[in-house]
Amino acid sequence: MKTCVIIACAGQGKRWEKKPPKQMEPINGIPNVKRIHSMVSKSGINPDDIFITVNMENGEYFPSEYNLVVGNSSREIDRFRNGFSIIPGYDKTIFLYGDVVYHTDDLTQILSGTGYSFFGRKKGNKLTGKEFGELFGISITMN
């Protein structure tokens with residue numbers, strides 16, 4: 001089964017009120033989107049099958065060595081829509097938010113699932129030590 005991962009980084013980040021975009025905020029010294037890309041690569045997904053969707057306003061901040069998909073809108077739905085053209089070439093597509101700090105266990109769960117969506121909270125965040133941890137991911141399996 002051929003799988004791709006799309007890391008959605010096309011938000012405007014208006015509440016963030018600073019540059020660079022929040023997806024580039026360092027986590028343990030590594031920009032979060034690079035951290036996510038590395039974790040996905042280490043899980044066995046070929047780096048050529050990992051895409052980052054960005055919008056024209058923030059595309060300059062993202063590493064050009066990655067597969068960037070530049071869209072012209074930063075509405076919430078366009079985080080996903082910008083990657084829709086990639087889906088037909090794969091049996092399975094997984095969308096991840098680029099501004100979520102994933103724990104390895106959580107990302108493993110998302111990447112190993114088939115045909116599921118998961119948005120929400122789970123008890124305890126091992127990375128931040130907070131009471132609740134966010135876990136976001138969508139997996140689409142083509143038939």
Side-chain angles (χ1 to χ4, degrees), residues 1-113 115-122 124-142:
M1 179 179 290
K2 189 165 175 152
T3 301
C4 79
V5 173
I6 298 173
I7 305 170
C9 297
Q12 290 179 326
K14 289 181 179 179
R15 293 175 293 184
W16 189 243
E17 296 181 358
K18 70 177 191 174
K19 299 288 181 184
K22 60 186 174 180
Q23 299 91 344
M24 295 301 293
E25 185 67 18
I27 306 296
N28 294 329
I30 301 169
N32 194 47
V33 74
K34 286 186 175 188
R35 181 180 167 277
I36 295 169
H37 192 282
S38 175
M39 291 169 71
V40 171
S41 294
K42 288 178 183 173
S43 78
I45 303 289
N46 184 326
D48 291 339
D49 298 323
I50 303 171
F51 301 88
I52 299 173
T53 60
V54 299
N55 62 42
M56 290 187 296
E57 293 84 27
N58 68 5
E60 68 190 74
Y61 292 100
F62 292 87
S64 60
E65 69 266 20
Y66 296 145
N67 296 323
L68 298 181
V69 179
V70 181
N72 60 4
S73 174
S74 56
R75 297 177 304 163
E76 180 72 23
I77 188 62
D78 291 324
R79 293 179 187 191
F80 299 101
R81 187 179 292 144
N82 292 344
F84 283 176
S85 63
I86 298 164
I87 294 173
Y90 292 89
D91 301 310
K92 179 179 172 184
T93 302
I94 298 170
F95 285 87
L96 300 172
Y97 278 111
D99 58 357
V100 172
V101 179
Y102 294 97
H103 184 275
T104 307
D105 294 345
D106 299 333
L107 198 54
T108 299
Q109 179 183 351
I110 293 168
L111 295 173
S112 66
Y116 73 89
S117 299
F118 188 94
F119 289 90
R121 296 181 179 267
K122 64 178 223 159
N125 184 321
K126 296 176 188 175
L127 187 64
T128 64
K130 302 228 176 188
E131 181 180 358
F132 288 98
E134 302 292 338
L135 179 64
F136 294 90
I138 299 175
S139 174
I140 300 169
T141 303
M142 301 300 284

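The structure displayed is predicted, hence computed values, not measured ones.
- Distance alone, capped at 3.5 Å, is enough to place a donor-acceptor pair between the Asp91 side chain and the Lys2 backbone.
- Residues Met24 and Cys9 have side chains not in contact (no heavy-atom distance under 4.5 Å, counting atoms from C-beta outward).
- Within the 4.5 Å cutoff, side-chain heavy atoms of Phe62 are placed close to those of Gln23.
- Counting only distance, with no hydrogens or angles, the side chain of Asp99 and the backbone of Lys22 share no donor-acceptor pair below 3.5 Å.
- Inter-residue side-chain proximity for Tyr97 and Tyr102 is flagged as met; some heavy-atom pair is nearer than 4.5 Å.
- The side-chain heavy atoms of Asn32 and Glu25, taken from C-beta on, include no pair separated by under 4.5 Å.
- Residues Ile45 and Ile94 fail the side-chain proximity criterion, which asks for heavy atoms closer than 4.5 Å.
- Ring geometry for Phe51 against Tyr90 counts as perpendicular: the plane angle is over 60°, on a 0 to 90° scale with 30° as the lower cut.
- In plain terms, the two heavy atoms of Ile86 and Cys4 that are nearest each other are CG2-SG, 3.9 Å.
- The side-chain heavy atoms of Tyr66 and Ile50, taken from C-beta on, include no pair separated by under 4.5 Å.
- With a 4.5 Å cut-off on side-chain heavy atoms, Val69 and Val54 do not count as touching.
- Of all heavy-atom pairs between Asn46 and Asp48, the closest is OD1-N, 2.8 Å.
- In this structure, NZ in Lys92 is found 12.5 Å from CG in Asp49, a value given to the nearest 0.5 Å.
- Without hydrogens or angle criteria, Ser38 side chain to Lys34 main chain gives no donor-acceptor distance under 3.5 Å.
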- Task: Report the C-alpha separation of Val5 and Leu111 in whole Å, then their side-chain angles, then the decisive distance to 0.1 Å, and conclude whether the side-chain contact (heavy atoms from CB on, under 4.5 Å) test is met.
- Result: CA-CA 9 Å; Val5 173; Leu111 295 173; 3.9 Å; yes

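- A 4.5 Å side-chain heavy-atom check between Val33 and Ile7 finds at least one atom pair inside the cut-off.
- Each of Ile52, Leu107, Ile6 was checked for a side chain to side chain contact (heavy atoms under 4.5 Å, CB included) with Leu96, and the lone residue meeting it is Leu107.
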- Stepwise side-chain contact (heavy atoms from CB on, under 4.5 Å) test for Thr108 and Ser43: CA-CA 7 Å; Thr108 299; Ser43 78; over 6 Å; no

